[in-house]
Asker: 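Got a structure for you, questions after.
Here is how names work: the chains are called A, B, and so on, in the same order as the sequence lines, proteins then strands, and each is numbered from 1.
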2 protein chains.
Amino acid sequence: MSIRVAVVDDQALVRGGFATMLGLQDDIEVVAEAGDGTAAIEIARTHRPDVILMDIRMPEMDGLAATEAIVDSADWPVKVLILTTFDPDEYVYKALRAGASGFVLKDISPEDLVAAVRTVADGGALLAPSVTRRLISRFATPPSLDASVVSRLDRLTSREREVLVAVAAGSSNVEIAEELFVGAATVKSHVSSILTKLGLSNRAQAVAFAYESGLVKPGDSDIGF
Amino acid sequence: MSIRVAVVDDQALVRGGFATMLGLQDDIEVVAEAGDGTAAIEIARTHRPDVILMDIRMPEMDGLAATEAIVDSADWPVKVLILTTFDPDEYVYKALRAGASGFVLKDISPEDLVAAVRTVADGGALLAPSVTRRLISRFATPPSLDASVVSRLDRLTSREREVLVAVAAGSSNVEIAEELFVGAATVKSHVSSILTKLGLSNRAQAVAFAYESGLVKPGDSDIGF
DNA sequence: CCCGGTCCCCCCCGATTGGGGGACTCGGAT
DNA sequence: ATCCGAGTCCCCCAATCGGGGGGGACCGGG
């Protein structure tokens with residue numbers, strides 16, 4: 001069963017080029033084309049393609065808005081592969097939030113484009129290396145590095161930070177003591193100095209501080225909930 | 001100038017395979033190999049490779065810890081490409097936070113692996129399609145996609161959710177009572193039903209739950225810290 | 001009409017927490 | 001050689017928290 005692809009680009013020449021290039025593949029079938037966002041929504045609804053190659057820069061309705069509209073309203077597993085000329089910057093995040101499965105630049109080689117279409121059709125995702133790099137750096141760097149917050153974190157000893165993450169996991173003093181193989185009194189004194197150094201008054205505030213400071217981040221916890 | 005690569009894997013056969021495969025390329029030179037994390041740190045320091053192919057599962061010190069140690073202490077632009085057998089799950093985030101520039105599975109084709117090495121050496125980043133997908137979904141959907149978490153949040157009444165955000169801000173029961181213009185006993189009973197409904201045992205866990213579920217997000221709090 | 005659900009309030013009691021002391025060891029800095 | 005910080009552990013005591021019980025007011029639907 002071949003992959004049903006729709007191509008959306010306001011430049012007829014570019015659109016036709018991609019369409020014929022993809023059509024040459026045995027397992028890819030170009031079922032529709034569109035020149036703007038509104039037309040893209042229409043052909044998505046009528047032809048129900050597996051993959052949509054979407055340009056960002058378009059009159060009438062840009063690719064991001066069209067992507068969001070299509071992905072939100074689709075009742076079949078449609079994948080949108082953003083294809084743009086420019087080094088993306090802000091577009092990346094908007095596109096990914098809109099529901100795009102990929103983001104590649106137009107200088108991509110034909111073979112790589114075909115491979116990209118197959119990848120997203122298969123349920124994977126694919127980004128241009130520069131985009132991946134940007135996304136990783138954004139993901140890896142803690143968002144909030146308020147100097148005042150981090151500076152107070154620095155005043156804690158490494159052991160105290162260790163205790164704090166355990167506190168942030170919701171563990172009681174005795175539970176923390178067992179985890180760290182120390183006495184309950186030790187944990188108690190650690191928690192006390194943590195609260196004192198951070199200017200907090202109870203462990204609930206300590207948990208909040210741990211999250212706000214980026215010491216622990218939502219999702220990286222071992223607590224399943 | 002060729003790309004200087006180091007290969008780190010505890011299985012000598014796998015390590016040798018990758019090394020010879022990469023060595024066949026004109027623009028790639030394998031300068032060192034290591035069988036565990038501590039050896040990896042050593043060869044990284046002595047050979048200063050451009051790219052390190054790093055396995056995760058290793059005795060002595062796993063690839064994640066080694067990656068973090070190398071990236072943090074390196075004074076030259078070293079790129080680490082994680083190469084693992086398993087579908088990553090939680091390893092991905094730890095690896096990317098540790099400073100890895102890529103994350104590919106061992107079922108990758110030789111040509112793609114070579115291309116991946118060139119990509120990361122060139123400053124780009126590269127992830128396996130399934131990993132990219134995971135990262136995108138995590139990035140695009142604010143935090144909580146866990147149906148189990150949100151469903152439990154739905155069981156709370158609106159008033160209880162209101163109390164929960166106050167709890168997550170680190171307020172004591174009496175402070176919450178003043179904020180909401182009710183009696184302290186009322187807040188107490190609300191907190192009790194919150195803990196019961198969510199299956200938690202203390203308010204620190206409630207704070208963690210509030211953050212993990214996305215009920216409150218780092219940075220949107222009124223607590224300045 | 002009564003019933004279930006929700007919200008609000010109250011009392012008691014044990015467990016935990018938070019704050020105040022102090023003491024010992026170890027390793028590094030002075 | 002001495003001091004100091006970090007880490008470990010102990011005491012006491014007041015306050016808060018968490019769990020159990022109960023009860024009353026309101027609202028919407030059967």
Asker: In whole angstroms, how far is the C1' atom of D:dA6 from the CZ atom of A:Arg161?
Answerer: 13 Å
Asker: Output the single nucleotide from D:dC9, C:dC7, D:dG7 whose closest atom is nearest the side chain of A:Thr157.
Answerer: D:dG7
Asker: Taking the nucleotide of DNA chain C with the nearest heavy atom to each, does B:Arg159 or A:Thr196 sit closer to the 5' end?
Answerer: B:Arg159
Asker: Which nucleotide in the list C:dC7, D:dC9, D:dG18 gets nearest to the side chain of B:Asn202?
Answerer: D:dG18
Asker: How would you label the contact of A:Thr186 with the nucleic acid (heavy atoms, under 4.0 Å): base, sugar-phosphate, or nothing?
Answerer: base
Asker: The side chain of B:Ser172 is closest to which nucleotide in this list: D:dC17, C:dC9, D:dT8?
Answerer: D:dC17
Asker: Nearest-nucleotide wise, let me know which of A:Lys197 and A:Ala184 is further upstream toward the 5' end of DNA chain D.
Answerer: A:Lys197
Asker: From D:dG19, C:dC7, D:dC9, pick the nucleotide closest to the side chain of B:Ser192?
Answerer: D:dG19
Asker: Identify, with sequence neighbours excluded, every residue that meets salt bridge (charged side-chain N to carboxylate O under 4.0 Å, His left out) alongside B:Arg118.
Answerer: B:Asp27
Asker: Given D:dG7, C:dT6, C:dG18, identify the nucleotide with an atom nearest to the side chain of A:Val191.
Answerer: C:dG18
Asker: Does B:Leu24 have more than 12 heavy atoms from other residues, nucleotides or ligands lying within 6.0 Å of its CG?
Answerer: yes
Asker: In terms of side-chain heavy atoms of A:Ser189, which of C:dG18, C:dC8, D:dC9 is nearest?
Answerer: D:dC9
Asker: Measure the angle between the two terminal helix axes of the helix from C:dG4-D:dC27 to C:dT30-D:dA1, five base pairs each, and quote it to 10°.
Answerer: 40°
Asker: Tell me the closest heavy-atom pair linking B:His47 and B:Val31, and the distance in Å.
Answerer: CD2-O, 3.5 Å
Asker: Under 4.0 Å between a side-chain N/O of A:Asn173 and OP1 or OP2 of C:dT16, yes or no?
Answerer: no
Asker: Could you tell me whether A:Arg45 and A:Asp75 make a salt bridge, using a distance below 4.0 angstrom between a side-chain N and a carboxylate O?
Answerer: no
Asker: Could you tell me whether B:Asp10 and B:Arg15 make a salt bridge, using a distance below 4.0 angstrom between a side-chain N and a carboxylate O?
Answerer: no
Asker: Below the 4.0 Å mark, does C:dC7 have OP1 or OP2 next to a side-chain nitrogen or oxygen of B:His190?
Answerer: no
Asker: Ion pair present between A:Glu68 and A:Arg97, side-chain N to carboxylate O less than 4.0 angstrom?
Answerer: no
Asker: Any idea which of C:dC8, C:dC12, D:dG7 is nearest the B:Lys188 side chain?
Answerer: C:dC12
